[in-house]
Structure formats: structure tokens, C-alpha cells
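Fair warning: this is a prediction, and the values are worked out from it, not measured in the lab.
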Amino acid sequence: MNLLECLIGLALSLVLVAPLIKNSGEFIAKQIQYEKSQSLTAEADRALELIGRAIRMAGYQNANSAIASARKNSSSNHYIQIQKNSGYRGSDSLMVKQEISQGVDFDCIGNTLSKERTKNNLAQQGFLVDRQASAPKGAKVNGGSLICQSLDRQGRIHNTTLMNGIHHLSFEVLPASADKAFKIVLEMTDGASIHQKFERTFTARNLR
């Protein structure tokens, strides 16, 4: 086999192999994108469940509470508050309050709710979106961070980052509902090509 034949054989091999390499590269890229999308979906589901659990518990009143007489005059706005356009990229924030039940309840970072973790006899949880604290200044980031606000054992507000990749978070009260219902819209991003929007509706069981 002379040099010309070798070159012809090499060229033919490249013609045959090039499409396979291209297809493999596209498949790997799509697989990576799919896995990122699945990860964002799982994070969104976790965030929405935590927020939904807090909304369902908002305004809970313990029959044996020491503030039983005072709570009758408290409006629903005392137990659940929404601040519009107060966070990262105009995201909304949510703050909910409740009394401590006789059972075992947890805040948004998994701490057991107890009398020590209350202020004015009310436990409280907040959700807001802030810029990623760990991101270097000027660096491209994949959205903001979802922050959980809870009370420590001294009754002080403590901020904990739950997850990153939050593009926008909004809360909307649904006026037509019989009970207090809230629509949550959560937008997730990888900071590049993936942008997903999730919507869930939760009802506050203890508010009218």
C-alpha cells in the first residue's frame, strides 16, 4: 500500500467517522442539559413544598395558647405577609407566622419548632430571593439564592440559603377562593440555556 492509498483510506475513514463523532457530541450535550433540567425541577419541587407547608400552617392557633384571647382580634395579615418586588430581580418575599402545636413541626430548614424558636409566642418562617452571596463580584451567576428565614433559639431571625438557580419568585393571593389561596410562580435557571417556570397553588388552612 503506497502513500496515496493510505491518504485515501484515511479520508474515507474520516468521512465515515465524523458524523458519528458529531452525533455523539450532540447526544452528550443533550444528556447534560436533560440532567440539569431534572435537577432544577427537583429543586423547584423541594422549594415549593417547603413554601406550601408554611402557607398551610400560617395562622395556626393552639387552643391551649397563652394568647388565646388576644389572637381573636388578629387579622389574617398578621399571620401571612407578602412584600412585592422586594428581592432579587423584583422577586416577592413571604413571611408566615403560627403558634406552636402539640405535635412535632419543623421550620423551612428542618429545625423542630419549639417555644425557644418563637417571638411573641409565634414561630415564623420567611422566603425571599437574594443575590448569591458566594458568587464573586462581576462573575456570571445562575440566578439568585432562595433564602429561608427562621428563628433561632434566642428568637432572632436567621437566614439560611436553601438553593441557587432562582430566576424569579412571586406570590399572588387568589381573591375568588373560599379560603385564603396563594399562587406561587417559581422560575429556575442554569444561567445559560435552561429556563423553567413552575406554578403551584396552596391554601392556608387556618386563615379566613
Distance from [X] atom [atom1] to [Y] atom [atom2], nearest 0.5 Å?
| X | Y | atom1 | atom2 | answer |
| --- | --- | --- | --- | --- |
| Phe127 | Ile55 | CZ | CD1 | 8.0 Å |
| Ser93 | Ile147 | OG | CD1 | 12.0 Å |
| Asn111 | Thr160 | CG | OG1 | 8.0 Å |
| Arg205 | Met57 | CZ | CE | 8.5 Å |
| Gln61 | Ser101 | CD | OG | 13.0 Å |
| Leu122 | Leu113 | CG | CG | 11.5 Å |

Practice task
Is it possible for you to say whether Met95 and Ile100 belong to one hydrophobic cluster, with membership spreading through side-chain heavy-atom contacts below 4.5 Å?
Solution key: no
Practice task
Tell me whether Phe202 is reachable from Tyr79 by hopping between hydrophobic residues (I, L, V, M, F, W, Y) whose side-chain heavy atoms are closer than 4.5 Å.
Solution key: yes
Treating [X] as the side-chain partner and [Y] as the backbone partner, does any N or O pair qualify as donor plus acceptor under 3.5 Å?
| X | Y | value |
| --- | --- | --- |
| Asp92 | Asn85 | yes |
| Gln132 | Gly143 | yes |
| Gln125 | Ala54 | no |

If a pair satisfies salt bridge (charged side-chain N to carboxylate O under 4.0 Å, His left out) and one of its residues is in [range], list it, with sequence neighbours excluded.
| range | value |
| --- | --- |
| residues 155-168 | Asp152-Arg156 |
| residues 104-121 | none |
| residues 41-63 | Glu43-Arg46, Glu49-Arg200 |

For the residue pair [X] and [Y], what are the closest heavy atoms and their distance?
| X | Y | answer |
| --- | --- | --- |
| Tyr88 | Gly144 | CE2-N, 3.2 Å |
| Thr201 | Ala181 | CG2-CB, 4.3 Å |
| Leu48 | Ile184 | CD2-CG2, 3.6 Å |
| Ile194 | Ser37 | CD1-N, 3.8 Å |
| Ala47 | Leu186 | CB-CD2, 4.0 Å |
| Phe182 | Ala204 | CE1-CB, 4.1 Å |

Practice task
Could you check if a side-chain atom of Asn121 sits within less than 4.5 angstrom of a side-chain atom of Glu99, using non-hydrogen atoms only?
Solution key: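 Heavy-atom side-chain distance check fails, nothing below 4.5 Å.
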Practice task
Walk me through it: do Thr112 and Val104 pass the test side chain to side chain contact (heavy atoms under 4.5 Å, CB included)?
Solution key: CA-CA 7 Å; Thr112 302; Val104 179; 4.0 Å; yes
Handout entry: Greater than 12 external heavy atoms within 6.0 Å of Glu199's CD
Key =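 More than 12 within 6.0 Å, yes.
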Practice task
Taking side chain to side chain donor-acceptor pair (under 3.5 Å) as the test, write out the residues that go with Thr189, two or more places apart.
Solution key: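 For Thr189 there are no side chain to side chain donor-acceptor pair (under 3.5 Å) partners, ignoring immediate neighbours.
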Handout entry: Under the side chain to side chain donor-acceptor pair (under 3.5 Å) test, residues paired with Ser145 that sit two or more places apart
Key = Asn164
Handout entry: Trace of the side chain to side chain contact (heavy atoms under 4.5 Å, CB included) decision for Gln98 with Val96
Key = CA-CA 7 Å; Gln98 67 176 85; Val96 299; 5.8 Å; no
Please tabulate, for side-chain N and O atoms in residues 165-173, each donor-acceptor pair with protein atoms closer than 3.5 Å (sequence neighbours left out).
from	atom 1	to	atom 2	distance (Å)
His167	ND1	Arg89	NH1	2.8
His168	NE2	Gly90	O	3.2

Handout entry: Pair Val185-Lys197, side chain to side chain contact (heavy atoms under 4.5 Å, CB included): steps then yes or no
Key = CA-CA 7 Å; Val185 179; Lys197 183 176 180 180; 3.5 Å; yes
